[in-house]
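To start, the structure under review is shown below, and the notes come after it.
On a predicted model such as this, the values are computed, not experimentally measured, just so you know.
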Amino acid sequence: SPPRSGDYYPDWSIVDSYTCLNDQQMPKYMLTTGNDGWYLSKTLKQCCERHFAWDVSKCMGTENQGTGKWYAKYAAGGCATDCAGASPCGGVAEPWDELYATKKACCQAKFWYDTKCMTK
């Protein structure tokens with residue numbers, strides 16, 4: 001049967017994509033009778049919960065991207081921005097990390113003894 005418009009299916013074409021698509025480009029095996037009930041979902045949430053239960057928020061595109069504030073990244077010996085991506089992002093801060101509005105405030109509070117904190 002042809003794909004039904006709006007059906008979501010798990011995207012396994014890229015390793016670690018952790019997402020569901022509804023572009024009607026699902027592999028043919030997902031459309032065979034008996035399989036379609038498992039692979040195809042009416043909503044993104046249903047597809048994510050079924051096929052990516054270990055990380056539904058990433059699948060839904062609602063994962064935490066950070067606050068943009070600064071926190072102490074002790075392994076790097078300086079302060080980093082609470083965000084995902086390249087430097088100056090240091091990754092999303094943990095819930096226990098104290099956040100600061102500026103890098104200077106972070107350096108003064110957490111690395112007061114290091115005169116090079118602002119340049120790291």
Side-chain angles (χ1 to χ4, degrees):
S1 67
R4 297 178 299 260
S5 177
D7 283 343
Y8 287 86
Y9 66 96
D11 177 25
W12 291 321
S13 65
I14 301 170
V15 175
D16 295 336
S17 82
Y18 299 116
T19 193
C20 293
L21 302 174
N22 67 342
D23 60 7
Q24 298 187 26
Q25 302 298 313
M26 66 279 289
K28 293 199 184 326
Y29 72 87
M30 292 185 184
L31 297 171
T32 59
T33 304
N35 282 350
D36 58 343
W38 172 249
Y39 292 112
L40 305 183
S41 303
K42 291 292 178 201
T43 67
L44 176 61
K45 186 172 191 232
Q46 183 184 45
C47 181
C48 290
E49 287 174 345
R50 180 178 294 157
H51 300 289
F52 301 104
W54 61 90
D55 203 344
V56 173
S57 61
K58 183 172 184 176
C59 179
M60 297 281 297
T62 57
E63 65 184 332
N64 186 355
Q65 295 296 314
T67 63
K69 293 185 177 182
W70 294 84
Y71 70 101
K73 184 102 176 175
Y74 293 103
C79 293
T81 308
D82 174 26
C83 54
S87 183
C89 292
V92 176
E94 296 294 342
W96 55 82
D97 287 323
E98 195 169 349
L99 299 174
Y100 299 89
T102 65
K103 184 175 187 177
K104 184 176 182 181
C106 175
C107 285
Q108 287 175 338
K110 299 296 184 178
F111 297 97
W112 50 268
Y113 52 87
D114 185 352
T115 58
K116 295 182 181 161
C117 179
M118 288 296 292
T119 60
K120 291 183 179 179

Open item on the list: Per the salt bridge (Lys or Arg N to Asp or Glu O under 4.0 Å) rule, what does the pair list look like for residues 110-120, sequence neighbours excluded?
Closed with: Glu98-Lys110, Asp114-Lys120

- [ ] Spell out, as yes or no, whether a donor-acceptor pair under 3.5 Å connects the side chain of Lys103 to the backbone of Met118.
- [x] yes

TODO: Side-chain contact test, heavy atoms from C-beta onward, threshold under 4.5 Å: evaluate it for Tyr39 versus Trp12 and give yes or no.
DONE: yes

Open item on the list: Less than 4.5 Å apart, side chain to side chain, heavy atoms only: is that true for Pro10 and Met30?
Closed with: yes

- [ ] Measure the distance from the SG of Cys47 to the SG of Cys20 and say whether it is below 2.5 Å.
- [x] yes

TODO: Establish, from distance only, whether the side-chain atoms of Tyr9 and Asp23 form a donor-acceptor pair under 3.5 Å.
DONE: yes

- [ ] Working to the nearest 0.5 Å, report the span between OG of Ser41 and NE2 of His51.
- [x] 5.0 Å

Side-chain atoms of residues 73-83: list all donor-acceptor pairs with protein atoms under 3.5 Å, sequence neighbours left out, distances to 0.1 Å.
from	atom 1	to	atom 2	distance (Å)
Lys73	NZ	Gly90	O	2.6
Asp82	OD1	Ala93	N	2.7
Asp82	OD2	Thr67	N	2.9
Asp82	OD2	Thr67	OG1	2.7

Open item on the list: Tell me whether Asp36 contacts the main-chain N or O of Thr33 through its side chain, where contact means a donor paired with an acceptor under 3.5 Å.
Closed with: no

Open item on the list: Please check: side-chain N/O of Arg50 versus main-chain N/O of Trp38, any donor-acceptor pairing under 3.5 Å?
Closed with: yes

Task: Between NZ on residue Lys28 and CG on residue Asn35, distance to nearest 0.5 Å - done: 14.0 Å

TODO: Return the minimal non-hydrogen interatomic distance between Trp70 and Thr102, and the atom names on each side.
DONE: CD1-C, 3.4 Å

Task: Minimum heavy-atom distance between Lys42 and Asp7, given as atom pair plus value - done: NZ-OD1, 3.3 Å

Task: Non-neighbouring partners of Tyr71 that pass side chain to side chain donor-acceptor pair (under 3.5 Å), sequence neighbours left out - done: none

Open item on the list: Quick check on the hydrophobic clustering: are Trp112 and Tyr100 connected, directly or via other members, by side-chain heavy-atom contacts under 4.5 Å?
Closed with: no

Task: From CZ (Phe52) to NZ (Lys58), nearest 0.5 Å - done: 10.0 Å

Open item on the list: Keeping Asp11 on the side-chain end and Leu21 on the backbone end, is there a donor-acceptor pair under 3.5 Å?
Closed with: no

- [ ] Would you check, one step at a time, whether the test disulfide (SG to SG under 2.5 Å) holds for Cys117 with Cys106?
- [x] CA-CA 9 Å; Cys117 179; Cys106 175; over 6 Å; no

